[in-house]
Amino acid sequence: MCRSTKTSSTRGPTGRPPGTTCAARTPRVTSPPLTPRWSSTPAAACSKTAGTTRQKRPCAAMASRWCATPKPPRTEPRAEAAAGHPPATRTVSPFCGAQTGAVFVHTPSSDPMTLRVRFAPSPTGHLHIGGARTALSNYLEARREGGAFVLRIEDTDPERSKKEHEEQILRDLAWLGLRWTEGPDVGGPFGPYRQSERYDRYRAVAMDLLARGLAYRCNATPEELDQMRAEQSAKGEDPRYDRRNRDKDLGPDCGPHAIRVKMPIEGLTVIDDLIKGRIEIRNELLDDLVILRTDGTPTYNFVVVVDDHDMGINLVARGDDHINNTPKQIHIYHALGAEVPRFAHLPMILGPDGSRLSKRHGHTSLGQYRDMGIVPEAMLNYLARLGWSHGDQEVFTEAELIEHFRLSDVGSSGARWDMDKLEWLNQTWIQSFASAELVERALPFLEAEGYVTAGLGARLPAIIGAFQKRSRTLVELAKQARFFFIDDAELSWDEAAVAKHLKPEAGALLSALADRLEAEPTWEEPALTAVVDALLAERGAKMGKLAQPVRVALTGQGVGPGVYEMLLGLGKEISVRRLRAGAARAT
RNA sequence: GACCCCAUCGUCUAACGGUCAGGACUCCGGAUUUUCAUUCCGGCAACACGGGUUCGAUUCCCGUUGGGGUCGCCA
């Protein structure tokens, strides 16, 4: 029997169940949900059709929305980007073909489609760096193609979803520099963008599936199912739903029940993944998954498909831990009569030991890296380079990433998190900042150390500049700058350095230097250099003779910034005072 | 266990049948220097294994091993 015959008879003229307001939700880009995207009649759909290759091209009209953002110059849409996309997904025997063994290939819309991608975090915690990577990949793809980047909140878990998490995730994404064209905060034509606000829609779709015989009621209790799985395991079988209620056609009066969707029982589902290539899964392995729980709330695999369809998402890029969900989702698309998007499954980010990155490996949330003084440019750069490369280039600006990054060029193997490389990139980026830029970035970290940064005038950029080439992170910068901000009495003294460099003859030099500097009206590098050079010339000494004693006197330590950097950062008063104190110590 | 994914220096990666297997991080030397850092030069270091296919495999195929992921009325 060809199931879609029944489908067509139950769908009705509008293809929409009563009470569904989906048309209002999908003003454009997609046809109304529940209307088959595949062309012609159900009978035609059941017949064998040839594979088709979807063509996609950048939409110039959509590019303007990105141009509204001030940042980097947009690169030209690339003509070659349009070519060569593989067929989205090919399914062998979904509902209609399953029973006949026919090969079914859905026919994509012929409309030139604007790329629409999404990032759908669940607000149950902070933004994980894996999530950040996924978000970035989607974002770059959208930017290059002039498409839409949709942010959707997957808050169907009322227990764990928290508003403050959602807000924090949005802030973290913004910190990274990602900007979305549609989302819960900015709105958009496909809202609402929080799943908790779309429950009516999910229920309506589920009821429609039920009415069309593509889903069914299952009154097995979770306890019964647990027992079933336990028995299966005991017998050495794979634990899975035994389809016990699939063909019973249970009515609404069957007691507390969930709604399950019917998966095909035989055949093959094929995913043509942008990153992984061809993936085949035997349909017999697919469980009839619950789409509506007993309490009426929808489940993840269901809402994802409904939303992605409603929102016109045509490329889904996510972690490869979702690969096993994909065939089930594809069949839900088919049940909805919806076009299946292309998929790109990004490999996982692994911990340094090769296992899945977790808290025990250290920091896993984006916010923690921000707090440790990683700049967003470096994080963006590092995240993009994980699993992807462009020639021998290591440092990329956002604009360069938008131009060169492609999901299809991402490697298919997992990548380990390498803090050393991240810090190296961070240092490289810190070195690239203009003075005022670095000051602005470093200020919060200085304040976090408890330093008073107000009223420093030109000393502040001098202090921060002194560490621009000496810091791998902004926290490191702030900690190194400590001697600039504390009272003389608080200086910590490296006794070995003191013993080595603050000897009597050095004391005389320091004392003389202090006198001359005190008399110097111009506290700028050329003037200071002149003072030091003159002193050195008179004494017939080299800089090497003076630098270390000065450094120890000024900082208490044997290592630190250059002499003039210290002098400029400290200012005249403190410099002279510390030099005198150092001279006194040296006698 | 079943299913799915993956496999080049320690790490991130390049190579798209013929290369002295390239670059970057880390590490180790050296140069510059005012200590440290920066910068510049140099060095160590890899095709997991076994079968095919081929005149020729790191590249293609199969298997083994190893690693990762998924097996919920979580997302």
Side-chain angles (χ1 to χ4, degrees), chain A residues 120-124 154-157 159-161 195 218 220-222 225-226 229 233 236-241 256-260 271 273 275-277 279-282 285-287 289-301 303-304 319-327 345 347-348 350 352-356 382 385-395 411-425 427-428 431 466-472 480 497 500-501 532 542-548 550-552 555 557-566:
Chain A
S122 142
T124 53
E154 308 229 321
D155 55 352
T156 51
D157 185 340
E159 286 294 302
R160 298 192 298 146
S161 294
Q195 291 182 330
C218 173
T221 64
L225 296 175
D226 284 346
R229 291 192 194 92
S233 296
E237 297 171 2
D238 299 335
R240 47 175 316 203
Y241 179 65
H257 61 273
I259 309 286
R260 288 179 186 268
I271 309 168
D273 194 278
I275 294 173
K276 302 283 187 177
I279 301 171
E280 296 181 3
I281 289 100
R282 296 197 307 276
L285 267 14
L286 270 24
D287 269 357
L289 54 85
V290 170
I291 57 175
L292 231 50
R293 301 185 185 96
T294 302
D295 67 4
T297 59
T299 59
Y300 168 78
N301 278 112
V303 298
V304 163
D320 70 8
D321 50 341
H322 284 283
I323 286 181
N324 290 298
N325 290 328
T326 307
H345 286 97
M348 298 273 89
L350 276 17
D353 64 354
S355 66
R356 196 216 248 279
Y382 180 73
R385 268 290 280 111
L386 220 45
W388 173 83
S389 65
H390 179 70
D392 287 340
Q393 189 171 347
E394 294 290 347
V395 180
S412 49
S413 54
R416 301 188 194 207
W417 189 254
D418 183 355
M419 199 57 205
D420 281 331
K421 183 111 182 208
L422 208 210
E423 288 195 350
W424 172 77
L425 269 174
Q427 178 176 37
T428 303
Q431 286 182 42
F467 296 105
Q468 184 156 21
K469 287 184 163 46
R470 277 171 253 261
S471 309
R472 284 168 78 88
Q480 292 187 104
K500 186 172 179 188
H501 299 295
V532 170
K542 290 289 200 56
M543 188 59 168
K545 203 81 173 164
L546 183 65
Q548 279 302 79
V550 169
R551 183 166 292 109
V552 175
T555 73
Q557 302 292 309
V559 298
V563 166
Y564 302 110
E565 291 175 311
M566 294 187 292

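- Going from the P atom of B/rU53 to that of B/rG66 covers 27 Å, rounded to whole Å.
- Across all strands shown, A/D295 has no heavy atoms under 4.0 Å from either base or sugar-phosphate atoms.
- Residue A/D226 is classed as having no contact, given no heavy-atom separation below 4.0 Å to the nucleic acid.
- A donor and an acceptor atom never sit less than 3.5 Å apart when one is taken from the side chain of A/T299 and the other from the base of B/rC73.
- Counting non-hydrogen atoms under 4.0 angstrom, A/Q468 reaches nothing in the nucleic acid.
- No N or O donor and acceptor, one from the side chain of A/R416 and one from the base of B/rU11, sit under 3.5 Å apart.
- Nucleotides B/rG69 and B/rU58 have their P atoms positioned 31 Å apart, rounded to a whole Å.
- Within the 4.0 angstrom heavy-atom criterion, no nucleotide atom of any strand lies near A/S233.
- Applying the 3.5 Å distance criterion, the base of B/rC71 shares no donor-acceptor pair with the side chain of A/R240.
- Contacts of A/G387 with the nucleic acid, taken as non-hydrogen atoms under 4.0 Å apart, involve only primed sugar atoms and P, OP1 or OP2.
- For B/rU34 and B/rG29, the P atoms lie 22 Å apart once the distance is rounded to whole Å.
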Contact letters for nucleotides 19-31 of chain B, in which S counts primed atoms plus P, OP1 and OP2 and B counts the base, heavy atoms under 4.0 Å: ---BBBSS-----
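- Look at the C1' atom in both B/rG67 and B/rU54: the space between them is 31 Å, to the nearest Å.
- Inter-residue side-chain proximity for A/M543 and A/V532 is flagged as met; some heavy-atom pair is nearer than 4.5 Å.
- Among the heavy atoms of the strands, none lies under 4.0 Å from A/Y241.
- OP1 or OP2 of B/rA75 lies within a sub-4.0 Å distance of a side-chain N or O belonging to A/T156.
- A search for ring pair (Phe, Tyr, Trp, His ring centres under 6.0 Å) contacts involving A/Y564 returns nothing, not counting sequence neighbours.
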